[in-house]
Amino acid sequence: MKNYEGRWLAAWEKKHIFESDPINGKKKIFVTFPYPYMNGPVHIGTAFTSVRVDIYARFKRMQGYNVLFPWAWHWTGQSIVGLSHRLKLGDKNVRKALVEIDGVPESEVDKFVNPEYLASYYTNVSREVIKKTGYSVDWRREFTTVDPAYQRFVEWQYLTLREKGYIVQGTHPVVWCPNDKSPTGDHDRMEGEGISPEEFSLIKFQLGEFYLVAATLRPETIYGATNIWVNPEGEYVEARVNNEPWIVSMHALTKITEQKHETKVLRTFKGSELVGKFAIAPLTGKALPVLPAYFVDTELATGVVYSVPAHAPYDYMGLQDIKHGLIPVTDEVKGIVETIQPIPVISVKGYGEVPAAEIVKAYRIENSKDIRLSEATEKLYRDEFHHGVMKKNTGPLSELPVSEAKKKATELLRKTERYSTMLELPEKVICRCGTRCYVKILENQWFLNYSNKEWKERTRELIRKARILPPESVDWYYSTIDWLEDKPCVRRSGMGTRLPWDKEWIVETLSDSTIYMAFYTISKYVNQEQIHPDKLKPELLDYIFLGKGKPERIAKELKINQKLLRKMREEFLYWYPVDLRNSAKELIPNHLTFFAFHHAAIFDEKMWPRCFSVNGMVQLEGQRMSKTKGVFVTWRSALEKYGADALRLSLSLLADGMEDANWTSQKAEDSRSRVESLIPFVKGLRKTASEREQEEIDNWLVSIVGKRIEEVTEALDNMRIRKAASIVYMDIWNDLRWYVHRAGKPRRQTVRNVLEAWVKMMSPFTPFVAEELNRLLGGKGFICLSSWPDARNFKRDEKAELSEIIIGRVLEDARSVLKVVKGNKKKLKIYVSDKELRNVFMEMLEGKRSKDELSKKVLSLGIKPDSLFKLRYELGEEIVQRLVMQGGIDELTVLQKASRFIGKELGVNVEVKEYRKGLPELKGKDALPFKPALYFE
RNA sequence: GCGGGGGUCGCCCAGCCUGGUCAACGGCGCGAGGCUUAGGACCUCGUCCCUUAGGGGUUCGUGGGUUCAAAUCCCACCCCCCGCACCA
C-alpha cells in the first residue's frame with residue numbers, strides 16, 4: 001500500500017466526509033451492495049462487484065448528490081455454525097483452509113469453534129480491508145444480521161408479510177441429515193449432488209402373518225418377479241406400520257417413521273432368517289422364494305426387493321451367483337434356485353428374449369459385485385422405459401408401452417391394498433458431516449408464497465418500472481418470477497431471527513436479506529444509542545417504514561422521544577427507495593428477485609427499488625474460484641500486494657455487462673504500473689508546459705476531452721464501469737500523448753484545465769492517487785468532494801477535430817506508401833484536389849444533386865465518377881457527417897500548417913500544393929477530395 | 001433437460017441493437033528505433049499473408065441465407081459460462 005493511501009484515508013475519516021445525513025432539498029442517491037456472508041474473508045469476487053458500487057457512489061457524489069453507501073454483514077444461517085462445528089470435530093481440511101487460504105493466524109483458529117467468534121473475526125478483517133480499499137461507506141450504520149435491533153426488524157418484516165397473507169404453512173419432503181437435524185442442500189453434501197427424493201412403490205408380499213414389503217421403481221415388472229431378495233447380513237424388523245404387520249429393514253423403519261407413519265418395532269432379526277421362506281405376490285398370486293443377495297442395501301428403501309431376472313441385471317447375476325456357489329445356501333434353497341427361469345415381460349427393440357442376460361454378457365459381467373452392473377442397469381432401464389412394450393403375459397398391462405404400464409400397474413396394485421409408497425433417495429447422499437441422509441417429511445414449515453399470482457404480477461410490475469442493468473439481464477428476472485414456487489423461509493438450526501409467532505423456526509438466510517436496506521436508514525440511531533433495540537416494536541417500525549399509526553401515541557406507549565421517532569421516519573422517507581443495488585449475476589434467480597418480491601409486498605410503489613444492476617462472475621487465471629481447489633484470492637492479499645488504487649483500477653477494467661471477468665495477476669500488475677506512472681506523467685507534462693498563444697491543437701485537445709467527459713459520464717450512469725475506466729485511463733492518456741507529440745510545447749493553461757478534469761474523472765476509480773494529483777496541481781480540499789467535470793466547459797471545436805482526422809489519414813496513407821516503396825526518399829509532395837472537384841464532392845455528400853447530374857460533372861473534370869462514390873464509403877459516416885455539418889474544410893491550409901509535423905514524423909521535407917488541371921505533376925491527378933495525392937521523391 | 005449470457009486478429013477485449021468509417025478500437029505481450037553510463041520508466045513506429053506507390057488476398061465458433069455490401073440481420077448446428085430452490 002502506498003504511503004499516501006493511508007494518509008488520505010485518515011484525512012477522509014477525520015473529516016467524516018462519507019457520513020451522510022438527510023439534507024433538506026438536496027437530491028439523494030442511495031446505493032447498496034448485498035452484505036457479504038461472514039463464513040470467510042471477503043475475496044476478489046466481492047471486491048469486483050462491490051467496487052462498482054463505490055465507483056458509482058463517488059461519481060454521483062461529485063455530481064452533487066447527497067450519497068449514502070452503507071455496509072453490513074450477513075451472519076444468518078447454517079454455514080458459519082457448520083464450519084465451526086467441523087473444526088471442533090477436528091476436520092484437518094477445514095483447519096488447513098482457514099490457515100492457508102483465509103490467512104487466519106494459528107493463534108486464532110482454535111477460537112473458531114465458537115461460531116460468533118468466527119464471524120466476528122472475519123467481520124473485523126473484512127471491515128479493515130474495505131476501509132483500506134477506500135470505500136466511501138457511512139460506517140455509522142453498520143450492523144450484523146444477528147444484532148438484536150436487526151432481529152426486531154426481521155420480526156416486523158415477517159409479521160407484516162404474514163398479515164398480508166404471503167406466508168403459508170406447508171408439509172414437504174426434504175433430504176434430511178439426522179446428525180445436523182436439518183435439511184441437506186446440494187452444496188452441503190459430500191456425496192450425492194443433485195439427488196432428490198423419488199417415490200418408490202412398496203409392494204406387500206404376504207409372508208405368514210406379515211407383509212414382506214419390497215420396494216421398486218418399476219412396479220410394472222411384478223409380472224416378471226421370480227423371487228425376493230434380502231441381505232442375509234442385514235438387520236430386519238417385524239413391526240407394526242399404521243397397524244399393519246410389516247417386515248422391512250431396521251433402517252427402513254426409521255425412514256418410514258420420518259415420513260409420518262405410526263410405527264412400532266416388535267422384533268429384530270437377521271435377513272438370513274427369511275431365506276428359503278415363500279411370500280405371495282399381489283396381482284399374480286405367485287408364491288416367491290426369499291433368497292439372499294449382498295447387493296441389497298438395507299439403507300435403501302425397505303431393504304427388500306423383488307427379483308426380475310429377465311430385466312434387471314442385478315437380479316440376473318444374483319441368481320447366477322447362487323447357482324455358481326458364490327453365495328452359500330442350503331441344498332434345499334439351491335434346489336429352488338435351480339428351478340428359477342427368468343420371465344420376460346417386456347419386449348424392447350434391439351434386445352432378444354431375456355434382455356438382462358444379454359446386457360450382462362455384452363458388458364462381460366461375471367458376478368454381482370461387478371461395478372459395471374449399475375451402468376448396465378441404467379442403460380437397460382432407459383431403453384425399456386422409452387422403447388419397451390409389455391408382453392402378452394402381463395394381463396391387464398399387455399401391449400402397453402412401459403411408461404403407461406407403470407401407471408396402470410400402480411393403479412391396479414393400489415386397488416389390492418397391498419401397495420404403499422415411500423419417498424427415497426435413488427442414490428446415496430452423504431452430508432458434509434459424514435452422515436448418510438434420508439428423506440424426511442418436514443411438517444408445518446413456513447413458506448413464502450411466491451407462487452401467489454397477484455404477488456407475482458406486482459413483482460413483475462416492479463421490475464418493469466425499474467432500470468435493469470445491463471439491459472440484457474432483464475429476461476432472467478421475468479423467468480425467475482414465473483418459475484418461483486413457494487419457498488421455505490425458515491430452518492431449524494443456524495444463526496438468525498426466530499419467527500415471532502413460531503419460535504422453533506429461524507428465518508433462513510435468503511429470506512432475512514430482502515428489504516434490509518430500509519434498516520440502514522435507522523440503524524445509525526441504534527448504533528448511536530439514541531434508541532434501544534427493545535424499543536423497535538412492530539408498531540414503531542410500522543410507523544417508520546409504512547407511516548402507519550400516530551407518532552404521539554407510539555412515542556408515549558414506548559416511552560421514547562417523539563421528535564426522535566419523527567426524525568427516523570423522515571430519514572427513511574429521505575433515503576428510500578434504493579437507487580442502485582449491484583450484485584453478481586448469479587444472485588438474480590434468488591436474492592435480487594426476492595428483493596423485488598418483498599418490496600412489492602411490503603412497500604408502496606414509491607418505495608420500490610429504482611435500479612437493479614449485475615455483473616459477471618470472477619474467474620481467477622481462467623479458472624472458476626474454488627476454495628477447495630485452492631483457486632482463491634482474498635481481497636486482503638490482493639490489496640496488500642497491489643495497493644488500493646491499482647486493485648480498484650484492475651477490477652474496473654476487468655469486464656462489463658454480464659460477461660465473466662478473468663482476474664489475473666498480470667492484469668493487476670499492469671494496473672499497478674499504470675497507476676504508478678500517473679504522477680511522473682502529470683509532473684512531466686506540467687514541467688514542459690509553457691505560456692503561449694492558443695493554437696488549433698489546443699482547441700483539439702479541449703474539444704476531445706469534452707467529448708471524453710460526455711462518454712465517461714454516460715458510461716458511469718449506465719454502470720458501464722469498464723468502458724468508463726478505459727476511456728479515463730487509456731483513451732484520455734492517449735489523447736494527451738498525441739497532443740504533446742503534435743504540439744511539441746504544451747500550453748500551460750490548456751494542460752491545466754484538462755488535467756484538472758482528468759484527475760476528477762479518476763477520482764471514483766483511483767481515489768487516492770487522484771487526491772495526490774490534485775495536490776500536485778495545486779488543488780485544495782478533497783477532490784472526491786469536488787464537482788464532476790462539465791463537458792460544457794470544454795468547447796467543442798469540430799473544425800479542429802476534423803483537421804486532426806485529415807492529418808491522421810494523410811500520415812497513415814504516407815506511411816503505407818513508404819512501407820512498400822524502395823529507395824531513399826527525401827521529399828513528400830502532397831496535392832490536395834482542386835476546388836471544383838471538392839465542391840462537386842460536397843454536393844454529393846449533401847445529397848443535393850442526382851447521381852446522373854453528379855456523374856456528368858465529375859466526368860467533365862476528368863475523374864471517374866465511381867472513384868468518388870467509392871471514396872464516400874471509404875470516408876465513412878462519421879467523417880461525412882462532420883464534413884457536411886461544416887460545409888467542408890480548407891484542406892490546403894490544414895495540411896500546410898501541419899506540413900512540418902508530417903515531415904518530422906516521416907523524416908522528409910513536405911510540400912503541400914493544390915492540384916490544378918493540366919499541371920504536369922506526377923501522381924497529382926490522383927488527388928481526391930479529403931484524400932490528397934502523395935508523391936515521394 | 002429447462003432458463004439466462006457468451007464465442008472477435010498470440011492473450012485480454014471494443015464493435016454487433018441502428019449493415020458500408022472494419023484487416024477490425026484500446027491494453028498486454030513481442031519486434032525496431034529514440035532517450036539514458038546501463039537497466040527500468042518514458043516516447044515513437046511496427047505486429048494476418050502477399051506487394052518497389054497508398055493495392056490485393058484470407059479473416060470475426062461452423063455451415064447456409066438475405067443484400068450492391070455482413071463481425072454486424074435471418075436460419076440451423078457446435079462449443080463455453082451461470083442458475084435450476086430448503087445454500088449462501
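Just so you know, these numbers come straight off a predicted model, no measurement behind them. A note on names: the letters A, B, ... follow the listed sequences, proteins ahead of strands, and every chain is numbered from 1.
- Summarising the base pairing, B:rG1 is matched to B:rC84 through a Watson-Crick or G-U wobble pair whose two defining distances lie under 3.5 Å.
- When both distances must be under 3.5 Å, the Watson-Crick or G-U wobble mate of B:rC30 is B:rG46.
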Salt bridge (Lys or Arg N to Asp or Glu O under 4.0 Å) between A:R708 and A:E711, intermediate numbers included: CA-CA 5 Å; A:R708 300 298 189 203; A:E711 289 169 348; 3.4 Å; yes
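- The aromatic rings of A:W738 and A:F901 lie perpendicular to each other, with more than 60° between the two planes, well past the 30° mark.
- If A:E905 and A:D656 are placed on RNA chain B by their nearest nucleotide, the residue sitting closer to the 5' end is A:D656.
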Atom pairs under 3.5 Å, N or O on each side, protein against nucleotides 7-12 of chain B: can you list them with distances?
residue	atom	partner	partner atom	Å
B:rC12	O2'	A:K667	NZ	3.0

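- Here, B:rC25 and B:rC78 have their C1' atoms 29 Å apart, quoted to the whole Å.
- Side chains of A:D502 and A:W446: a donor on one and an acceptor on the other come within 3.5 Å.
- To the nearest whole angstrom, the two C1' atoms, one in B:rG10 and one in B:rC68, are 36 Å apart.
- Side-chain proximity of A:V817 to B:rC43, B:rA53, B:rG3: nearest is B:rA53.
- In this structure, the ring-ring contact (aromatic ring centres under 6.0 Å, His included) partners of A:H74, at least two apart in sequence or on a different chain, are A:Y35, A:Y37.
- Spacing of C1' atoms, B:rC22 relative to B:rC16, comes out at 12 Å, to the nearest Å.
- Atom name C1', nucleotides B:rU47 and B:rG40: the rounded distance is 23 Å, in whole Å.
- Side-chain contact annotation: A:W75 with A:T123, donor-acceptor N/O pair under 3.5 Å present.
- Distance from the side chain of A:D475 is smallest for B:rG4 among the nucleotides B:rC42, B:rG4, B:rG27.
- OP1 and OP2 of B:rG54 both lie 4.0 Å or more from every side-chain N or O belonging to A:R815.
- Residue-to-nucleotide proximity on RNA chain B shows that, of A:S673 and A:Q619, the 5′-proximal contact is made by A:S673.
- Between the P atoms of B:rU72 and B:rG15, the separation comes to 15 Å (whole Å).
- For A:S677, a side-chain nitrogen or oxygen approaches OP1 or OP2 of B:rC42 to under 4.0 Å.
- Ion pair A:K487/A:E508 flagged as a salt bridge, since at least one NZ, NE, NH1 or NH2 atom sits closer than 4.0 Å to an Asp/Glu carboxylate oxygen.
- Considering only side-chain atoms of A:D660, the nucleotide from B:rU44, B:rC81, B:rG5 that sits closest is B:rC81.
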Can you give each donor-acceptor pair under 3.5 Å made by side-chain atoms of residues 645-654 of chain A, sequence neighbours left out, with the distance rounded to 0.1 Å?
residue	atom	partner	partner atom	Å
A:D645	OD1	A:F768	N	3.2
A:D645	OD2	A:V769	N	2.7
A:R648	NE	A:F765	O	2.8
A:R648	NH1	A:D54	OD2	2.8
A:R648	NH1	A:T133	O	3.0
A:R648	NH1	A:G134	O	3.4
A:R648	NH2	A:D54	OD2	2.7
A:R648	NH2	A:P764	O	2.7
A:S650	OG	A:A646	O	3.3
A:S650	OG	A:L647	O	3.0
A:S652	OG	A:R648	O	2.7

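- In this model, a donor atom of one side chain and an acceptor atom of the other lie less than 3.5 Å apart for A:T32 and A:R581.
- Between the side chains of A:Y122 and A:D102, at least one donor N or O sits under 3.5 Å from an acceptor N or O.
- For the P atom pair drawn from B:rU51 and B:rG29, the interatomic distance equals 30 Å after rounding to whole Å.
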Which pairs, protein N/O on one side and nucleotides 70-73 of chain B N/O on the other, fall under 3.5 Å?
none

Using a cutoff of under 3.5 Å, can you pull out all pairs of nitrogen or oxygen atoms linking the protein to nucleotides 83-85 of chain B, with atom names and distances?
residue	atom	partner	partner atom	Å
B:rG83	OP1	A:R624	NH2	3.3
B:rA85	N1	A:E485	N	3.1

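- When distances are taken from the side chain of A:N734 to each of B:rG54, B:rG46, B:rG26, the shortest belongs to B:rG26.
- As a whole-Å value, the separation of A:I732 CD1 from B:rG27 C1' is 16 Å.
- For the P atoms, the distance linking B:rC11 with B:rG56 amounts to 28 Å, nearest Å.
- Regarding contacts with the backbone of B:rU21, every side-chain N or O of A:R882 stays at 4.0 angstrom or more from both OP1 and OP2.
- Residues A:Y166 and A:W455 place their aromatic rings such that the two centres sit under 6.0 Å apart.
- Side-chain contact of A:S451 with A:N449: a donor-acceptor pair under 3.5 Å is present, judged by distance alone.
- No salt bridge links A:E714 with A:K723; every basic N to acidic carboxylate O contact stays at or beyond 4.0 Å.
- In this structure, A:M190 CE and A:T184 OG1 are separated by 11.5 Å, a value rounded to the nearest 0.5 Å.
- Atom CD1 in A:I468 sits about 15 Å away from atom P in B:rG4, given to the nearest Å.
- Aromatic rings from A:F595 and A:F612 are positioned such that their centres are separated by under 6.0 Å.
- Separation of the C1' atoms belonging to B:rA71 and B:rA24 is 8 Å when rounded to the nearest angstrom.
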Summarise how protein sits on nucleotides 30-36 of chain B as a single string, 5' to 3': B when a protein heavy atom is under 4.0 Å from the base, S for sugar-phosphate-only contact, - for no contact. -------
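- Note that the CD1 atom of A:I889 and the CD1 atom of A:I806 stand 4.5 Å from one another [nearest 0.5 Å].
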